Participant: 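If you scroll down you'll find the structure; I have some questions about it.
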Amino acid sequence: MPWSVLEALRNNPELLIESMKKRCMDPKPVYEAIEVDREWRRLLQEVERLRHEHNKITKEIAKAKDPEERKKLIEKAKEIIRMKEELEKKLKELERKREEILLSLPNLVHPSVPEGCDDDHNVPVRFWGRPKVWKGHLKQFEEQTKRWGFEVDHEVLEERPVGHADMLEKVLRLGDTYKAAQVASSRFYYLFKDLVWLDYALMMYAMDYLSKKGFILVEPPYMLRYKVLRGVIDVETFKDAIYKIENEDLYLIATSEHPLAAYKMEEIIDESRLPIRLAGVSPCFRKEAGAGNRDLKGIFRVHQFHKVEQFVFARPEESWDVLEELIRNAEELIKGLELPYRVVNVCGGELGAPAAKKYDLEVWYPAQGRYRELVSASNCTDWQSYRLRIRYRIKGGKKHDYVHTLNSTALATTRTITAILENHQLPDGRVRIPKALRKYLEPFEAAPKEYIEPWEGV
RNA sequence: GCCGGGGUCGCCUAGCCUGGCCAGGGCGCCGGCCUGCUAAGCCGGUGGGGGAAACCCCGCGCGGGUUCAAAUCCCGCCCCCGGCGCCA
């Protein structure tokens, strides 16, 4: 019984209940799960006893030579089957219910996760860079820094910068979300010229960085089956994020995390191969059904974008170190883009069901006057590996155990572009390209090198 | 998409026609014996679940069915290989 949630359910339910409370969830399903699991085990024993009876008779029949005796035994066997089938029906129903509840339970929360139900309670752990703060935002800037005891050096702007959406559509004119809305729907976009180069340069930059760190580049399937997806996300994510292909058991991926996790589905990994570091490269498709009217303008929150993703299969004892490694990698990438950021430890109420702990990396948006999420790094411990049956063979031991899975954004292109548009804009309407991207633009004659220039349109 | 062959305990493989007798063997791994050490050799273990334990149940791609009894027979689905068709 190695899955930590089931283990806790039976031996330490307090832990699960505390976890649920920390997530601002009703702990009722836990009590229900305990009850159903107990009843399931009780009934299972009864059924197994009858199965045993039946198995014994079956063996006797096989040996019996006398036709009369045979007949009698078969009658007896049928009698047992009648009883067995009745109980088995009940057991099956209970099993279905037990499965349903177990799969609905979120992961156990790590002790270092802050209390709180909304992102107001996310706790900043460190800041980097020198944000440009418009004088009208100084108060809210302090709310996001000083309130948490951080003294963040910043530059005060007299003029309010242009928002990323206006930069895109009105100043640079390198994006068109209005036409995209007409032909697809809102939250789609056309990107042109320099921003297309920028999109691909960002991808290459992240791919290059992660490869050097020993991550294996992976282009995964962009669609998955239901049962696979169910192993890596919770119902809420399913509802709000996932597009389905009509008349097929296929769903568009919301992130390459999902096909990467599934890569080792139903396998036993040799311990000597762990940790396995993967860098997923893919488009992502998201319904954003729960987003309402938030961030409707521009390309901050869109239905499709490109992303390089870090994903790791790790031994349980090393996974917490790996989480730190993943967020540090993301930080290095954002530093290279010269974007001021902070890292927050996400509070219990804002954790997704699979995550035991999550760091968000939030970049400062000078026109909006707030830090906004560009990167999210989670340790999902054994929540996904239990569902996908991904285990590892422990060296020197006999037992198998579930691996831990971790994931973190490296770079998501459209959102990163918005951060660049807002942070690196110049008074003349151009946008400065961070030097780190230079390498990935240099080989192409038509690609911009130092600045993104406004355009007159098609 | 059509036709044919196949999917067995970490890997390889036997069993399927002819239903019952722990799913047999090899490799790998773990433990023990032996040994100055290593190798070889020998013995045992090596999937999931329930049970305090003894022990029991389930497991041969997945799901149904037939039968007292299914890896084995029947039906549906998934996947792999070969051939044909289509195709960036």
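Residue numbers begin at 1 in each chain, while the letters A, B, ... track the order of the sequences. Quick note: numbers below take in every heavy atom, side chains included, and nothing from hydrogens, waters or symmetry partners. Everything quoted here is computed from the prediction, not taken from an experiment.
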Participant: Generate the contact string for nucleotides 51-60 of chain B. Rules: B means base contact, S means sugar-phosphate contact only, - means no protein heavy atom under 4.0 Å.
Facilitator: S----BBS--
Participant: B/G50 P sits how many Å from A/Glu39 CD, rounded?
Facilitator: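 Rounding to the nearest Å, CD of A/Glu39 and P of B/G50 are 15 Å apart.
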Participant: For B/C29 and B/A39, measure between their P atoms and round to the nearest Å.
Facilitator: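 Here B/C29 and B/A39 have their P atoms 11 Å from each other.
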Participant: Should the pair A/Arg98 and A/Trp40 be classed as cation-pi, given the thresholds of under 6.0 Å to the six-membered ring centre and 45° from the axis?
Facilitator: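 Pair A/Arg98/A/Trp40 counts as cation-pi.
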Participant: Could you state the CD-C1' distance from A/Glu79 to B/A69, rounded to the nearest angstrom?
Facilitator: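 Distance, rounded to whole Å: 18 Å.
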Participant: Using a cut-off of under 3.5 Å, enumerate the N/O to N/O pairs linking the protein to nucleotides 65-68 of chain B.
Facilitator:
unit_1: B/C68; atom_1: OP1; unit_2: A/Lys78; atom_2: NZ; d: 3.4
unit_1: B/C68; atom_1: O2'; unit_2: A/His54; atom_2: NE2; d: 3.0

Participant: Return the value, rounded to whole Å, for the distance between atom CZ of A/Arg225 and atom P of B/G63.
Facilitator: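 Roughly 15 Å, once rounded to whole Å.
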Participant: Between B/G64 and B/G10, how far apart are the C1' atoms? Round to whole Å, please.
Facilitator: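 Approximately 30 Å lies between the C1' atom of B/G10 and that of B/G64.
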Participant: When the P atoms of B/C3 and B/U8 are considered, how many whole Å apart are they?
Facilitator: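 Looking at atom P only, B/C3 and B/U8 are 24 Å apart.
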Participant: Are the sulfur (SG) atoms of A/Cys24 and A/Cys117 separated by under 2.5 Å?
Facilitator: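 A/Cys24 pairs with A/Cys117 as a disulfide (SG atoms under 2.5 Å apart), so yes.
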Participant: Nearest-Å distance, CZ (A/Arg389) to P (B/C62)?
Facilitator: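 Rounded to the whole Å, the gap is 13 Å.
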Participant: If the cut-off is 4.0 Å, is A/Arg391 near the phosphate of B/G48, judged by side-chain N/O to OP1 or OP2?
Facilitator: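 Result: yes.
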Participant: Taking the six-membered ring of A/Tyr440, is NZ or CZ of A/Arg438 closer than 6.0 Å to its centre and within 45° of its axis?
Facilitator: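 No, A/Arg438 and A/Tyr440 do not form such a contact.
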Participant: Report yes or no: does A/His121 contribute a side-chain atom to a donor-acceptor pair with the main-chain N or O of A/Glu350 at less than 3.5 Å?
Facilitator: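 Not confirmed, A/His121 side chain does not pair with A/Glu350 backbone.
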Participant: Using the P atom as the reference point in each nucleotide, state the distance between B/A14 and B/G26 in Å, no decimals.
Facilitator: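 B/A14 and B/G26 have their P atoms separated by 15 Å.
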Participant: Could you tell me the separation between the CG atom of A/Leu94 and the C1' atom of B/G50, rounded to a whole number of Å?
Facilitator: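 It is 14 Å, rounded to the nearest whole Å.
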Participant: For A/Tyr451, does its backbone N or O pair with a side-chain atom of A/Arg432 as donor and acceptor, under 3.5 Å?
Facilitator: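 Not confirmed, A/Arg432 side chain does not pair with A/Tyr451 backbone.
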Participant: For A/Trp383, is the NZ or CZ atom of A/Arg387 found under 6.0 angstrom from the centre of its six-membered ring and inside 45 degrees of the ring axis?
Facilitator: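 Yes, cation above the ring, under 6.0 Å and within 45°.
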Participant: What's the CH2-P distance between A/Trp3 and B/G50, to the nearest Å?
Facilitator: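 One finds 13 Å between P of B/G50 and CH2 of A/Trp3, rounded.
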Participant: Between B/U66 and B/C75, how far is it from one P atom to the other, in whole Å?
Facilitator: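 Pairwise P distance, B/U66 against B/C75, rounds to 15 Å.
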Participant: Under 4.0 Å from OP1 or OP2 of B/U46: is there any side-chain N or O of A/Arg393 that close?
Facilitator: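 So the side-chain polar atoms of A/Arg393 never come under 4.0 Å of the phosphate oxygens OP1 or OP2 of B/U46.
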Participant: Is the positively charged end of A/Arg372 above the ring of A/Phe300, judged by distance under 6.0 angstrom from the centroid and angle within 45° of the axis?
Facilitator: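 Judged by the rule, A/Arg372 and A/Phe300 form a cation-pi pair.
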Participant: Could you write out RNA chain B as dot-bracket? Rules: Watson-Crick or G-U wobble, both distances under 3.5 Å, brackets [ ] for crossings, | for pairs with another strand, dot for unpaired.
Facilitator: ((((((((.[[[[.)....(...]]]]((((((.......))))))((((....))))..[[[[[..)....]]]]])))))))....
Participant: Scan A/Lys92 against the nucleic acid and name what it touches under 4.0 Å (heavy atoms): base, sugar-phosphate only, or nothing.
Facilitator: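 The residue A/Lys92 makes sugar-phosphate contact but no base contact.
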Participant: Could you check whether A/Tyr190 and A/Phe188 have their ring centres less than 6.0 Å apart?
Facilitator: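 They do not qualify: ring centres at least 6.0 Å apart.
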Participant: Determine the interatomic distance between P on B/C74 and the same-named atom on B/A70; round to the nearest Å.
Facilitator: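 Rounded to whole Å, the distance is 15 Å.
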Participant: If I take atom CD in residue A/Glu266 and atom C1' in nucleotide B/G7, what distance separates them, rounded to the nearest angstrom?
Facilitator: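 Rounding to the nearest Å, CD of A/Glu266 and C1' of B/G7 are 14 Å apart.
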Participant: Identify the two heavy atoms, one from A/Glu373 and one from A/Arg415, that lie closest to each other, and give their separation to 0.1 Å.
Facilitator: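 Nearest heavy atoms, A/Glu373 then A/Arg415: O-NH1, 3.0 Å.
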Participant: Using atom P of each nucleotide, how far apart are B/C27 and B/G41 to the nearest Å?
Facilitator: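 Here B/C27 and B/G41 have their P atoms 8 Å from each other.
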Participant: Does A/Pro354 offer a backbone N or O that forms a donor-acceptor pair with the side chain of A/Asn107 under 3.5 Å?
Facilitator: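 Flag set: sc A/Asn107 to bb A/Pro354 pair under 3.5 Å.
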Participant: How about A/Glu169 and A/Tyr178: does a side-chain donor come under 3.5 Å of a side-chain acceptor?
Facilitator: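 No pair is found: no donor N or O on one side chain lies under 3.5 Å from an acceptor on the other.
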Participant: Whole Å only: how far is the CD1 atom of A/Ile268 from the C1' atom of B/C11?
Facilitator: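 Rounded to the whole Å, the gap is 11 Å.
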Participant: If you look at every heavy atom in A/Ile101 and A/Pro29, which pair is closest and at what distance?
Facilitator: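 Closest approach of A/Ile101 to A/Pro29, heavy atoms only: CG2-O, 3.7 Å.
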Participant: Taking the C1' atom in each of B/G25 and B/G20, what is the distance between them to the nearest angstrom?
Facilitator: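 That atom pair is separated by 22 Å.
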Participant: A/Tyr392 and A/Asp270: side-chain donor and acceptor closer than 3.5 Å?
Facilitator: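 The criterion, which ignores hydrogens and geometry beyond distance, is not satisfied for A/Asp270 and A/Tyr392.
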